[in-house]
Amino acid sequence: AAGVIQSPRHLIKEKRETATLKCYPIPRHDTVYWYQQGPGQDPQFLISFYEKMQSDKGSIPDRFSAQQFSDYHSELNMSSLELGDSALYFCASSLGGGGETQYFGPGTRLLVL
Amino acid sequence: AQSVTQLDSQVPVFEEAPVELRCNYSSSVSVYLFWYVQYPNQGLQLLLKYLSGSTLVKGINGFEAEFNKSQTSFHLRKPSVHISDTAEYFCAVSAAGRRALTFGSGTRLQVQP
């Protein structure tokens with residue numbers, strides 16, 4: 001079965017650079033979520049989209065933005081990168097919300113030097 | 001807001017022994033409860049979830065969990081573990097009607113031969 005696809009899988013950036021992470025949800029899933037997992041930490045919710053509209057917002061820094069496109073893929077744009085942004089970034093998708101299972105992608109590991 | 005407490009950061013256990021991973025939550029509204037497993041360098045995989053109905057929930061890989069509303073707990077159990085169960089286990093909640101997952105800090109299950 002098709003799973004959530006994230007690209008790139010690994011990314012190395014310098015401080016103050018920008019990065020764009022991409023997420024391709026499971027076909028027909030209408031909701032996309034972004035989570036950030038720091039080293040040894042639990043995943044923290046950043047933002048979600050339902051039918052291309054922002055549906056929920058968590059602890060996403062102002063330096064980050066995200067959107068969901070007409071084909072339902074989503075991109076997380078990160079600017080003015082800081083060392084503390086080094087983390088594993090997960091995308092998850094679901095069909096609807098309210099208890100529906102969120103299927104997670106393999107993650108993008110971002111290292112900021 | 002919701003919060004999740006996983007009482008044990010690490011649980012060492014011998015192969016074929018039973019195990020219980022503890023999870024308590026707090027919320028002022030009804031919640032859905034989840035257990036996810038994360039193997040090294042991989043994404044999160046759903047083990048089981050409780051939405052409503054029977055308080056005993058069976059999941060994949062022989063795991064089960066029991067929802068206890070009065071104790072606000074959702075402990076994960078397995079009667080006999082295998083080496084391959086070694087992983088990080090996350091308890092998570094989402095408020096009914098919302099979409100974001102709030103994770104606990106994780107429990108590292110270490111199965112020893």
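Numbers restart at 1 for each chain; the letters A, B, ... are given by sequence-line order, proteins then strands.
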* **A:Gln37 versus chain B, the contacting section by heavy-atom distance below 4.5 Å** => side chain
* To do: Check each atom of A:Ser55 against the heavy atoms of chain B and say whether the ones under 4.5 Å are side chain, backbone, both or neither.
  => side chain
* Are A:Phe104 and B:Tyr36 close enough that their ring centres sit under 6.0 Å apart? -> yes
* To do: Go through A:Gln41 and B:Phe103 one step at a time and tell me if the side-chain contact (heavy atoms from CB on, under 4.5 Å) criterion holds.
  => CA-CA 10 Å; A:Gln41 304 292 314; B:Phe103 288 88; over 6 Å; no
Considering non-hydrogen atoms only, spot the tightest contact between [X] and [Y] and give its length.
{"X": "B:Gly43", "Y": "A:Phe90", "answer": "CA-CE2, 3.5 Å"}
{"X": "B:Gly104", "Y": "A:Asp42", "answer": "O-CB, 2.8 Å"}
{"X": "B:Leu44", "Y": "A:Pro43", "answer": "CD1-CG, 4.0 Å"}

Can you get from [X] to [Y] by hopping between Ile, Leu, Val, Met, Phe, Trp and Tyr side chains that sit under 4.5 Å apart?
{"X": "A:Tyr50", "Y": "A:Phe69", "result": "no"}
{"X": "B:Val37", "Y": "B:Trp35", "result": "yes"}
{"X": "B:Phe90", "Y": "B:Leu109", "result": "no"}
{"X": "B:Leu33", "Y": "B:Ile60", "result": "yes"}
{"X": "B:Val93", "Y": "B:Phe63", "result": "yes"}

* Would you check if A:Leu88 and B:Gln38 make a side-chain contact, meaning some heavy-atom pair closer than 4.5 Å? => yes
* May I ask you to test the A:Phe45-B:Thr102 pair for a side-chain heavy-atom distance under 4.5 Å? => no
* Asked: What distance separates B:Lys49 NZ from A:Glu100 CD, expressed to the nearest 0.5 Å?
  -> 5.0 Å
* Asked: When only pairs under 4.5 Å are counted, which of A:Gly40, A:Gly107, A:Gly105, A:Pro106 shares the most heavy-atom pairs with chain B?
  -> A:Pro106
* Structure fact -> Counting heavy-atom pairs under 4.5 Å with chain B, the top scorer among A:Arg109, A:Gln44, A:Gln102 is A:Gln102
* For A:Asp62, look at atom CG and say whether over 12 heavy atoms of other residues, nucleotides or ligands are found less than 6.0 Å away. => no
* Should we say atom NZ of A:Lys22 is surrounded by more than 12 heavy atoms from elsewhere, each under 6.0 Å from it? -> no
* Side chain A:Tyr35, main chain B:Leu101, donor-acceptor under 3.5 Å -> yes
